[in-house]
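As the structure is a prediction and not an experimental result, all values here were calculated from the model.
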Amino acid sequence: RLVGDLYFSGSAPTKRAAEWLSERYPRVRMVERLSFREDRTSPRGQPAPVEIVSLPDDDRYRDSIVPLRQTATVLPELFSAPTMLISERAWRIEGWRIGVRVPLCQAVPEVEITGIYHDYGNPVAQWMVAEPLFRRCWPQSRPSGFALVAPPDTELAALRSGLASRLRLPPEAIVPQKTLREAGLAVFDRTFQVTQALNVLTLLVAGIGIFCAISAIHHHRVGQQAQLACLGLSRRERLVLLAGQWGLMGVLCAILVWPFGVALAGYLAGVVTPVAFGWSFPLQVQASHFATLIAVAALSLVAAVTLPSLRLVQTTPAALLRAQSV
């Protein structure tokens, strides 16, 4: 939910920034990030930390919230009535439910939960309320950060350098959304490097297993090859026949495995991950991944089949017959 175009920390002199923006960039809006964390007793009777955050009354921020479950008019109600949204973790792990009224603060005794939203990767349950309601409950809370929401035609580089000069901050203190997104994705990708190494190891073990199995199968096919050789089939014809047999087996295995793999991935994404971590993510089936899988599986099968098949077809018919004691 990176909505802003530029971000900087809450320690910056915001009054000076607001004055400069009103003079130079009147269409750019500076949005505050307000958050408050405290321990709450969940419906399951266990104390758990809850992060309460504010949602600005801005179209781009409204559009960034895609409720997982909701009442009929969840977002309009958020700014017209004392209601709130909860993260998926607060729903799955802590046990909060839509329609339940919970105590928020002394100024607002009870607030109704009207929706649940995705909050992937957050280890803490989160409640989201409208910014006016947050300020009403915690008027002394200071922003932890700021975001600049600019029109599409705004020169962000000039805005960033000018604001940094005005606030006497180094340019790297004002971070573009693209930089934040790339940094987050880089950290996310590094978490799967071990998974990629395990994938290579699994493929290697599977290749060795296929090689051993095919060698054993070919050992029992010596008699069949001897008969084919005696019937006049050349080595090339027998090699083509073996390649066709293993190729057909590979295609049949792919047809059987693909639906099972997609179903297993859907189960992991929709059942195991929500139960284990409290968040879910949609399953996206991409054809490019299947093409890569076909190429890797085909190369592995060819590498495993080639050596035993060549040894089998290069053996003379006399040797094949002697091996069968004929």
Side-chain angles (χ1 to χ4, degrees), residues 1-3 33 35-55 61-75 77-78 83-104 111-130 180-199 202 257-290 293:
R1 299 195 304 273
L2 291 175
V3 178
R33 171 177 169 79
S35 63
F36 178 78
R37 181 176 294 191
E38 64 179 0
D39 290 335
R40 295 286 184 122
T41 302
S42 68
R44 297 175 180 173
Q46 298 177 350
V50 174
E51 182 187 24
I52 306 173
V53 298
S54 65
L55 179 67
Y61 278 87
R62 288 172 181 262
D63 295 339
S64 69
I65 304 299
V66 181
L68 178 65
R69 295 191 176 186
Q70 62 178 357
T71 58
T73 56
V74 56
L75 288 179
E77 285 182 356
L78 193 66
T83 60
M84 72 176 186
L85 309 177
I86 62 173
S87 66
E88 189 177 3
R89 179 182 177 87
W91 167 48
R92 296 186 184 274
I93 302 297
E94 311 300 342
W96 304 100
R97 295 289 184 269
I98 292 178
V100 175
R101 303 186 68 87
V102 298
L104 184 62
V111 175
E112 182 181 356
I113 300 174
T114 58
I116 302 168
Y117 60 91
H118 286 287
D119 194 27
Y120 180 79
N122 194 345
V124 179
Q126 192 177 85
W127 295 355
M128 182 179 293
V129 299
L180 281 178
R181 189 179 298 274
E182 290 177 350
L185 290 176
V187 173
F188 183 82
D189 291 339
R190 280 199 296 270
T191 61
F192 288 94
Q193 289 180 353
V194 176
T195 303
Q196 295 174 358
L198 291 176
N199 288 340
T202 303
V257 166
W258 283 347
F260 175 77
V262 173
L264 180 60
Y267 180 78
L268 291 175
V271 178
V272 176
T273 302
V275 171
F277 303 105
W279 61 74
S280 64
F281 48 89
L283 178 65
Q284 297 180 353
V285 180
Q286 298 183 1
S288 59
H289 292 173
F290 287 102
L293 179 62

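- Once rounded to the nearest 0.5 Å, the distance linking CH2 of W279 with CZ of R92 reads 12.0 Å.
- Between the R44 side chain and the I93 main chain, a donor and an acceptor come within less than 3.5 Å of each other.
- In this structure, I113 CD1 and M84 CE are separated by 4.0 Å, a value rounded to the nearest 0.5 Å.
- Between the T273 side chain and the A269 main chain, no donor and acceptor come within less than 3.5 Å of each other.
- In this structure, R40 contributes its side chain and P49 its backbone to no donor-acceptor pair below 3.5 Å.
- Here the shortest heavy-atom pairing between V124 and D119 reads O-OD2, 4.4 Å.
- In terms of modelled atom types and a separation under 3.5 Å, the side chain of E88 and the main chain of S280 share a donor-acceptor contact.
- Within a 6.0 Å sphere centred on OH of Y61, heavy atoms belonging to other residues, nucleotides or ligands number more than 12.
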- request: Go through the steps for W91 and R97 under the test side chain to side chain contact (heavy atoms under 4.5 Å, CB included), then give the verdict.
  value: CA-CA 6 Å; W91 167 48; R97 295 289 184 269; 3.1 Å; yes
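- The closest donor-acceptor contact from the side chain of R89 to the backbone of Q126 lies at 3.5 Å or more, if one exists at all.
- Annotation: the span from E38 atom CD to I52 atom CD1 amounts to 5.0 Å, rounded to 0.5 Å.
- Annotation: the span from L85 atom CG to Y117 atom OH amounts to 7.0 Å, rounded to 0.5 Å.
- Rounded to the nearest 0.5 Å, atoms OG1 (T83) and CG (L104) are 10.5 Å apart.
- A distance of 8.5 Å separates OG of S54 from CE of M128, quoted to the nearest 0.5 Å.
- In this structure, E94 has no salt bridge (charged side-chain N to carboxylate O under 4.0 Å, His left out) partners at least two apart in sequence or on a different chain.
- Of all the heavy atoms in W96 and S42, the pair that sits closest is CZ2-CA, 3.8 Å.
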